[in-house]
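Counting starts at 1 for both ligands and their atoms, in listed order. Positions are given from 1 along the sequence.
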Amino acid sequence: MAKKKSQKKSNTGSASSSLRTPIACVLGHVDHGKTSLLDKIRGSSVVAKEEGAITQHIGATIIPLEAIEKMSGTEGKMHFDIPGLLFIDTPGHHAFTTLRARGGALADMAILVVDINEGFQPQTIEALHILKNFKTPFVVAATKIDRIHGWRVTENAPFLKCYKAQNERVQTDIENKTYEIVGKLSEEGINSERYDRIKDFSKNVAIVPVSGVTGEGVPDLLMVMIGLAQRYMTEGLSLSVEGPGIGTVLEVKEEKGLGTTLDVILYDGTLNVGDEIAVGGTNGVIETKVRSLLQPRPMQEILTEDKFERVKSVTAARGIKVAAPNLDDAVAGSPIKVIKGDRDEIVDSIIHEMEDIEVKLSDEGIYIKADTIGALEALSKELEGHNIPIMRAEVGPVSRHDIIEVGTVKNPLLSILLAFNTQLLPDAIDTLLDNSMKHVKVFQGGVIYHLIDDYLEWEENTRREIEKQTFEKLIMPAKIILLPDCIFRQSNPAVVGVRVLGGKLQSGINLVHLDGRKVGRIKQIKSGQDSISEAGEGKEVAISIEGPTVGRQIDVGDQLFVDIPENHVKVIEKEMLGRLDPGMKEVLEEFTSMKRKDEPFWGK
Ligand SMILES: Nc1nc2c(ncn2[C@@H]2O[C@H](COP(=O)(O)OP(=O)(O)OP(=O)(O)O)[C@@H](O)[C@H]2O)c(=O)[nH]1
């Protein structure tokens with residue numbers, strides 16, 4: 001398992017007292033049970049811990065170690081320094097990629113949710129690629145085990161305990177389905193195993209069978225996560241509680257009576273009311289002062305008028321709402337830092353982090369836009385995987401200017417804009433309707449693989465259409481022989497019976513002898529009384545040829561080629577060779593070798 005980037009070691013207290021709560025995100029395919037699992041994790045830990053002890057934060061929930069130990073029945077049996085786990089409340093890869101910190105993912109670890117009955121689906125793979133790109137350690141939760149036919153429910157029980165209580169068929173079913181997931185992960189270059197069979201967690205991804213509804217396996221899942229964090233990530237989790245606060249903006253939200261506020265995950269240091277802060281905005285870095293820090297009121301006080309409780313100071317890691325002036329332009333996913341020490345350096349570091357987009361750009365390619373840096377990166381990585389080149393990548397809504405830029409791209413397959421999770425501004429829509437922008441195509445969507453699939457499908461169809469138009473105009477190879485007893489007219493035009501020996505004979509084209517001498521142009525092809533435009537291999541037809549006289553320039557038994565122009569040969573050899581039938585290919589080879597006898601590079 002990859003380690004997170006190491007962070008500055010804390011200089012306060014012992015290692016154990018300075019470990020912060022690891023931040024976890026839940027990812028996976030639509031409907032595979034992300035929300036249910038998160039709810040279950042929150043719900044069962046509320047049960048496990050006495051009322052009020054579980055802390056619901058802004059945008060996140062902390063599951064304290066004590067609650068995890070109680071659920072799994074491991075209290076006092078093992079020693080952990082990790083204080084618990086902080087789960088980001090919004091599941092899905094959009095949240096994951098938006099939440100950035102230190103140029104990577106904010107989440108220290110992740111749960112990849114896979115419905116055990118459905119297995120890997122497109123978004124599972126997409127999520128896996130994102131986790132791989134960010135080098136985020138993860139655990140696979142194989143959900144919906146309670147849907148396996150014959151499953152005996154033992155609510156919220158550890159997995160192994162309830163696994164033993166199942167009949168043999170159910171056990172075999174789980175084994176097989178788990179190994180299907182192992183197989184899929186292996187295709188992606190990842191070793192994995194059911195968690196209880198893993199000896200070295202640094203080399204294998206753990207798969208924990210769970211139910212987000214009946215709760216089996218949830219204690220095991222949490223234990224595995226705590227264990228992983230404790231054993232492999234402690235360096236990245238060291239924390240200077242007393243240092244200036246650093247966090248990531250989860251959401252920019254308008255709140256009644258408070259104006260624009262920021263929901264922030266504070267992952268390092270302390271944030272106080274009155275602190276000066278810097279945060280990334282659409283028009284540069286915003287510098288402002290914390291007016292208030294707010295957290296949700298405890299359950300029992302929910303009926304009071306004010307839904308938030310004010311606090312003076314908070315320390316990492318936790319979710320908190322920040323109220324301050326001038327936050328309207330703040331951007332979700334941007335860093336937020338307490339200004340202490342060198343102001344310019346802090347502002348620069350925010351600018352740098354906001355601009356630090358890892359997208360490989362090409363000289364020729366499509367345009368992409370997304371609502372956040374993380375989303376842009378995730379999209380670009382997936383495009384890279386499909387070998388789709390990107391010329392430009394930007395954060396923000398699609399503007400008129402963007403459409404005009406795309407409009408300058410001449411290649412019809414690349415005058416494309418993919419807008420991921422971001423809107424088209426009204427002037428962009430107007431511009432798209434303009435006649436001069438007819439070749440510009442915009443794809444919009446909120447699911448990366450849908451967006452890419454839509455584009456690829458369109459691209460394939462358009463490419464085929466363009467090829468069809470090009471190929472329809474091409475003169476194709478053909479070789480014919482003049483048949484005996486079929487001279488219908490000597491000349492002006494000569495009308496003769498021929499058999500097509502190979503290729504496709506078209507009217508309106510020129511014929512040459514096998515040595516290249518010119519013969520004349522086919523005026524018409526007739527099959528019986530019908531005039532036809534082309535004749536394939538084996539067909540016997542009558543053709544009228546302008547130019548030659550039978551008995552002089554041509555005669556019975558002569559074999560003739562269609563004279564293919566040089567630029568047509570180029571296109572056929574480059575683009576169509578794979579699609580030519582063997583007879584046509586053979587004729588093309590004969591024809592080009594005749595042409596290349598004197599000019600080796602003819603048609604190349
Ligand atoms: N029986 C059973 N049903 C489950 C389980 N997990 C989820 N479901 C059901 O599956 C459906 C989808 O679950 P969600 O938790 O909403 O899935 P999700 O991945 O969050 O879905 P999106 O937010 O739409 O991506 C719901 O009807 C859940 O009740 C499970 O472990 N067991």
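Nearest to atom 32 (N) of ligand 1 among the protein's heavy atoms is D146 OD1, 2.7 Å. Given atom 17 (O) of ligand 1, the protein heavy atom at minimum distance is G33 N, 3.1 Å. If you check which protein heavy atom lies closest to atom 24 (O) of ligand 1, you get D31 OD1, 3.5 Å. Protein heavy atom nearest atom 9 (C) of ligand 1, with residue, atom name and distance: R147 NH2, 3.8 Å. From the protein, the heavy atom lying nearest to atom 15 (O) of ligand 1 is S36 OG, 2.6 Å.
Figure legend: cation-pi geometry between R194 and Y179 absent, as NZ or CZ is not positioned both under 6.0 Å from the six-membered ring centre and within 45° of its axis. Taking the ring centre of F159 as origin, the terminal cationic atom of K161 falls outside the region bounded by 6.0 Å and 45° from the ring axis.
Comparing heavy-atom distances from atom 10 (O) of ligand 1 across K34, E216, K144 singles out K144 as nearest. Of the candidates V210, V213, I148, it is V213 that places a heavy atom closest to atom 4 (C) of ligand 1.
Annotation for ligand 1: atoms under 4.0 Å from non-hydrogen atoms of T35 are 15 (O), 18 (P), 20 (O), 23 (O). Of all atoms in ligand 1, listed by their number and element, those nearer than 4.0 Å to a heavy atom of G212 are 30 (C), 31 (O). Listed by atom number, the atoms of ligand 1 under 4.0 Å from H29 heavy atoms are 19 (O). For ligand 1 and S211, the ligand atoms under 4.0 Å from any heavy atom of the residue are 30 (C), 31 (O), 32 (N).
Residue contacts with ligand 1: K40 is excluded, as none of its non-hydrogen atoms falls under 4.0 Å.
Here the closest heavy-atom approach between residue M225 and residue A24 is recorded as CE-CB, 3.7 Å.
A donor-acceptor pair is defined here as one N or O able to donate and one able to accept, closer than 3.5 Å; no such pair exists between the side chain of R392 and the backbone of V406. For the pair T178 (side chain) and I174 (backbone), a donor-acceptor distance under 3.5 Å is present. Counting only distance, with no hydrogens or angles, the side chain of E188 and the backbone of K184 share no donor-acceptor pair below 3.5 Å. Q295 contributes no side-chain N or O that, together with a main-chain N or O of R310, makes up a donor-acceptor pair within less than 3.5 Å.
Counting non-hydrogen atoms of other residues, nucleotides and ligands closer than 6.0 Å to CD of E457 gives a total of 12 or fewer.
Checking atom 27 (O) of ligand 1 against the protein gives no heavy-atom contact under 4.0 Å.
When non-hydrogen atoms are compared, ligand 1 lies under 4.0 Å from the backbone of H32 (N, CA, C, O) but not from its side chain.
Aromatic ring centroids of F420 and F443 lie 6.0 Å or more apart.
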